[in-house]
Each structure stands twice: as structure tokens, then as C-alpha cells.
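Worksheet: the structure to be examined is printed underneath.
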Amino acid sequence: MPGSADPDRSSSAASSTASAASSEARASQPRTPRSRPAWLHRPRGRRALVLKVVLAGIALLALVIAVWPDDDTHGGHGGPVDNKRASSGLPSPSPIYPISSPPRTIPSVREHRPARGPGFRPVDSTRVIVAIGSEGLSDEGQLLAQELGVDYALGGPPREGDIELSLTAPPAGQKAVPESYTLTTSGRRVTITGPDEAGVFYGTRTLKQALKGGGVMPEGVVEDHPDKPQRGLSLDIARKQYSAGWIEDQLRQMADLKLNQLELHFSDDQGFRIESASHPEVVSREHLSKREVQRIVALATKLHITVIPEIDSPGHLGAVIAAHPDLQLRDKDGKPVRGAVDIANPEAARIVDDLLREYADLFPGAYWHLGGDEYRALMVKAPATPETTFPGLAAAARAKYGPKANIEDLATGWLNDRATVLRSAAGGRTFKAWNDGFFPGGTVGADQGREVEYWTGKDPGARPPEDYLAEGRTLVNLNDEYLYYVLGEPNSYKYPTGKRIYEEWTSMVVRGTKPVAAKYAGQILGGRFAVWSDNAAAQTEEEVARGIRLPLRATAQKLWDSRTPAMDWEEFKSLADRLG
């Protein structure tokens, strides 16, 4: 009766009823799903029903197979099966898995040790876990979790369905291989380890591509590392303005391809494309702001890509000359020389050095490209000579470097001086210059540590790559026979094809179509595919992206692993289309 019941019991019952109602209400509320990429969505509705029917058929087949002799010809993805018959009835069905195949990725993995097992695919409970002590991998772990639409965690034991990332030292007595990784798939879990963050990151790219291309990461162990330490894309943003968003899209694609360098050529005759406080007068109307450059560099760093800046000098400075015409080089008859500054004029050095100092902190990476190519004072055709055509430069060379010095010495000294300025502004850089910015003999020599970026042997008097290698120099391959995508196809250039790169080129093919001697392999540090914007209007950003898609993927494959690829071109192309 009302009022006669125990008040404590009544309160407890009411509380229990309310709690149950609350739990039912929470249970009835739909769980907000994590955002997953389309290629990881599981089938629903009618497709799910079809899948269930298929799985039921597979289960029935497994029941039959369970009593079949253990024979690789009908294996699946798993371990061995106990074929002993029970004393009564059939044994419980156990799945048989075939020996796994390597994951299909670009670039291909170098080594895959196969195994039997179901492989790995994400499930609702999947987490990306960064092991305790490997907190430096938090960016890599969070990126992968975001890409797969799964949870991220720091520490804790991995469960079935999880992906664990960790940094590990090499076995005792062995040296760590930079950018290497080991990816182990077992027990429906994935573990990615490596000696450095870049290597583990590349392991996550392999996992991402395997899931995207085939829906599963095959059982077994991947051991992988690159052939060459420098692998990248050069982009001429001076002659054509590319948006920051477009460049960022290229960075994301490069990262999935395990490319690690983006060179930005941002000064040339047609434009100067980055905001400047020291010399705003040289900057083109369409340009990247420093904030946009900072955003590009930050994204690249997160993706283990180094951005290499290039202010090309003493040639290719037409945008600077347009604002400072008194700096332009003139020959003995007073005729101006396109794009070339007068390197005997201290004012030319002052302005270039102002710009170098200004951008030193904007580009904190380990490399800086000094340019040095196509200085037209050194491209005089016989019977004329540089000294007779430009007597002022010849006199300046002798005055600075002695009576035997020539204009080549003056040009070499110019690049050496620019490197000195950058060292004082931000030390620890490795400098690069185009191959036609290095000259044999002479009074002045280029810094021995400067890397040769070999792009062409087509110009008259061009030195073969073996000359630089015999001097003990290191070299990066940008062979214009294969790797130059020149907008508008001027000067007999044709848009390169991925097929030709994939089937013919390696990093040892530095000039033309023939490789250099194998003894120089250790001095060739890698290569870059290059986009040059000679005719800026010839293609839109979107057309450039489409045009370089397959050549860039072929270049990535051949720089990661120089061996003859296992896939033929049509298979590779089909895989590239599937991976996007």
C-alpha cells in the first residue's frame, strides 16, 4: 500500500529501474561510426547477404577439405591442418590457407617471406598502437589511424586486429639500414618495426597500399629498404605558378610512393614565386606566400620529404634583372645576355645573398640547390671564346684569382661564395649544383662535397658523368632523356612515358641510354623526376598531374629497387590505376 513500503527499498528499486532505462536508452542509440575510406567499407544490405551465403559455402567446403590430405594445391591463407580422424564422427572443420603472395605495392617490396594464414584486414576494434619508448612515431601512427578510419593508442598490448608500430635497434653487430622496415603479419595482427621513423613510416605506406589494392595484408614477413637514399620530384614553380594545395597533393602521393625529396626551382627568367621582404620588387604577381611555403614544408617534414630550394644563379635570374636592369650581363658590344647577371658586379652578389639569407630559415632541410647551369657567358660558340666576348669578366677573374684564371674560375667562385653565405646563415647544409656548373682544372675548384645534379649531356662540350665520378664526386640522376617533363615539348623534348622509364631506365643510366660502369654505383645517390614549365600555358595543373602520374610511379619503383621488376608494364600500370 502507498506509504507502507520500506522507503530505502523503494528508493533502491526506483534507482535500479531508472538505471536500466538509461542503459536501454543508451543501447538503443546508434553508435557513431568512425570515418573510413571508401576502399575499406564493408558490404552492407544485399551485398552482405550475398557475402553470408558465400561464407556459408566456404564453411561447407572447409568441412570437406578438413579430411583431405594436406596438399599445397588446395591450401588457403593459414597454418597446417590436423588430418587425423576422430574415433567417432568428423573432426571440427579447420580452415586451410594457401601460402601467401607478396603484397602488391608501388614500389614493390624487396623481400616477402610467405606464410599460411588469413592475413590482416581492419575490423571495428582495430587500433594503431605506438609502442612505449617509440613515442617519436606518434605522427606516423595518428596519420595511419586517420587514413584507415580506426582508433589510435599510445602503448598497451596489441590485440587481434591491431597494428603496432615501434622503433627497434638492429641485431648486435649489425648496422642499421636507413629507411628500412620489417612488417610482420601474423595472428590477424600487423607489427611494423624499423631503426628510424622514416622506415616505419614506409612500412605504413606498404600496409596502406596492400589494403587499398587487395583488401588484405598477406600473411608473412616483409623486409624492405631502398636502393638509393635520394628519391624525388623536381618542380619548376618559377615559370608556372602552382597552387599550394596542388603541391601538397603531390607531396601526399610522393609519400605513398616512398619518395623523399621535393626540389622547388622558384627563380628563373619568367618569374620569382615566393614572397620576399628583402626584395619584394623581384617577386612575381602570382606567388606563394611564406605562410604557404611554411605549410608545404611542415607537411613534407611530416611525410619524411625534404624540400630542397633552388635560387638558380648566376644564370636564370631574369626576374631579378627585370627589377634591376643594371645587373644584366652585356657582351663587348653592349648587347644584353638573357637571364645572366654580371658576376663581376658586387651588387648582383649582394641582392642574391640577401635572398639566400632571407630564405635560409624558411627551408630548414639538409640540402640547398645553388643552380649554376647555362650561364651564357660560358656558352659562346667557336670561334669566339668567353674571354674575347666578355673581356670585363675575364679581367675580373684575373684580378680576383690570379693571371691564369678565366671566366670559368669566376663562375666557380660565384657558387662557392653563395655556399659560404648560406653556411653562415644556417650551417650543416649539403649543396647541389647542375653538372654544367662544374668545370675541370682551373684555378678555382668547386667544393668537393657539392653534389653533381646531372641533367644533360646534349650541350656542346658537355662532360660525361664518368668525369665527375672519376673525380670522386657523388651524383644525383636527372637524365633529361628519361626524366624531363617539359611543358610544351620545346627543343625536341617529348613527354616521358612511364613505360620507357620502367623498362629501360635505372639510376645508373645517367646520360643518354647507356649506364655508367658498375664500379660507380655507390657514388650515384639516386635521382629525381623533373617537371619544367618552359611553356606554362601548355598544360593546366590537372593535366600536369595526370601526365606525370605513371612516369613518377615508374621512377619511384626503379629508385627503390633497381632490379628488373617482377611485374611487366601492363601489370604495373593496372596496379597503379587500382591504387590511384
Side-chain angles (χ1 to χ4, degrees), residues 34 37 40 103 105 107 109-113 115 119-123 125-212 217-226 229 231 251-252 254-260 297-306 364-366 560:
R34 288 184 292 273
L40 277 181
T105 61
V109 300
R110 298 182 67 86
E111 179 186 350
H112 175 252
R113 297 198 294 276
F120 170 86
R121 67 178 73 242
V123 294
S125 62
T126 292
R127 301 170 299 166
V128 176
I129 300 173
V130 169
I132 295 299
S134 299
E135 289 81 0
L137 294 171
S138 60
D139 282 348
E140 289 75 13
Q142 291 177 46
L143 175 61
L144 181 62
Q146 177 186 354
E147 290 172 326
L148 299 183
V150 301
D151 290 332
Y152 166 80
L154 177 60
R159 307 183 299 239
E160 185 175 294
D162 284 347
I163 303 160
E164 185 180 40
L165 312 181
S166 66
L167 296 170
T168 55
Q174 295 184 21
K175 289 185 178 181
V177 178
E179 300 181 295
S180 65
Y181 68 92
T182 300
L183 190 158
T184 304
T185 306
S186 179
R188 301 183 192 274
R189 291 194 295 265
V190 168
T191 302
I192 304 173
T193 63
D196 54 34
E197 293 168 12
V200 175
F201 176 69
Y202 294 142
T204 70
R205 301 305 88 191
T206 292
L207 175 61
K208 175 186 173 183
Q209 284 198 22
L211 294 174
K212 189 171 185 179
M217 181 67 209
E219 199 85 2
V221 179
V222 170
E223 296 278 1
D224 207 8
H225 67 271
R231 310 174 302 278
L251 285 170
R252 295 185 185 95
M254 290 170 61
D256 284 354
L257 297 171
K258 302 183 176 76
L259 297 173
N260 63 3
V297 171
L299 175 62
T301 302
K302 208 168 187 177
L303 298 175
H304 297 277
I305 296 171
T306 298
W560 187 266

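Computed from a predicted structure; not experimentally measured.
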Practice item. Output all residues satisfying side-chain contact (heavy atoms from CB on, under 4.5 Å) with S134, sequence neighbours left out; order by chain, then residue number. Key: V130, A131, L137, S166, L167
Point to revise | K258 vs E179 side-chain heavy atoms within contact, under 4.5 Å | key: no
Practice item. State the NE2-CG distance between H304 and L251, to the nearest 0.5 angstrom. Key: 13.0 Å
Check your understanding: Closest heavy-atom contact between S180 and H225?
Key -> CB-CB, 3.7 Å
Review point. Taking the side chain as C-beta and beyond, is there a heavy-atom pair between T126 and F120 under 4.5 Å?
Key: yes
Review point. If you round to the nearest 0.5 Å, how far is CG of D139 from NZ of K302?
Key: 5.0 Å
Exercise for review: Work out which heavy atom in A210 is nearest to a heavy atom in P103; give both atom names and the distance.
Suggested key: CB-CB, 3.9 Å
**Study point:** Atom of A145, atom of Y152 and distance for their closest heavy-atom approach
**Key:** CB-CB, 3.9 Å
Exercise for review: Taking the side chain as every heavy atom from C-beta outward, state whether D196 and P178 have any pair of such atoms under 4.5 Å apart.
Suggested key: yes
Review point. Just how far is it from atom CD of E160 to atom CZ of R189, taken to the nearest 0.5 Å?
Key: 7.5 Å
Practice item. Could you tell me whether the side chain of D224 and the main chain of G203 form a donor-acceptor pair under 3.5 Å? Key: no
Practice item. Determine the interplanar angle of the W560 and Y181 rings, folded into 0 to 90°, and report it as parallel if under 30°, tilted if 30 to 60°, perpendicular if over 60°. Key: tilted
Review point. Is there side-chain contact between I192 and E140, with at least one heavy-atom pair below 4.5 Å?
Key: no
Practice item. Step through the shown structure and confirm whether more than 12 heavy atoms of other residues, nucleotides or ligands are within 6.0 Å of CD on Q146. Key: no
Review point. Got L154 and S138 here, is their nearest side-chain heavy-atom distance under 4.5 Å?
Key: no
Check your understanding: Mind checking whether L183 and V109 have side chains closer than 4.5 Å, heavy atoms only?
Key -> no
Check your understanding: When rounded to the nearest 0.5 angstrom, what is the spacing between CG in D151 and OG in S125?
Key -> 9.0 Å
Practice item. Just do the side chain to side chain contact (heavy atoms under 4.5 Å, CB included) check on R205 and L144 with the steps written out, would you? Key: CA-CA 9 Å; R205 301 305 88 191; L144 181 62; 4.3 Å; yes
**Study point:** Any donor-acceptor N/O pair, D162 side chain to R127 backbone, under 3.5 Å
**Key:** yes
Check your understanding: Backbone N or O of G133 within a donor-acceptor pair of the E135 side chain at under 3.5 Å?
Key -> yes
Exercise for review: Test side chain to side chain contact (heavy atoms under 4.5 Å, CB included) on L165 and V128 and set out the steps.
Suggested key: CA-CA 8 Å; L165 312 181; V128 176; 4.1 Å; yes
Review point. How many angstroms lie between CG in L211 and CD1 in I163, if you round to the nearest 0.5 Å?
Key: 7.0 Å
Check your understanding: Quick one: are P158 and T191 in side-chain contact, heavy atoms under 4.5 Å?
Key -> no
Check your understanding: Taking Q209 for the side chain and D256 for the main chain, is one N or O donor matched with an acceptor at less than 3.5 Å?
Key -> yes
Point to revise | Side chains of T185 and E219, donor plus acceptor under 3.5 Å | key: no
Point to revise | Rounded distance (nearest 0.5 Å) linking atom OG1 of T182 with atom CZ of R113 | key: 7.5 Å
Point to revise | Worked check of side chain to side chain contact (heavy atoms under 4.5 Å, CB included) between L143 and T204 | key: CA-CA 9 Å; L143 175 61; T204 70; over 6 Å; no
Point to revise | R231 and L257, any side-chain heavy atoms less than 4.5 Å apart | key: no
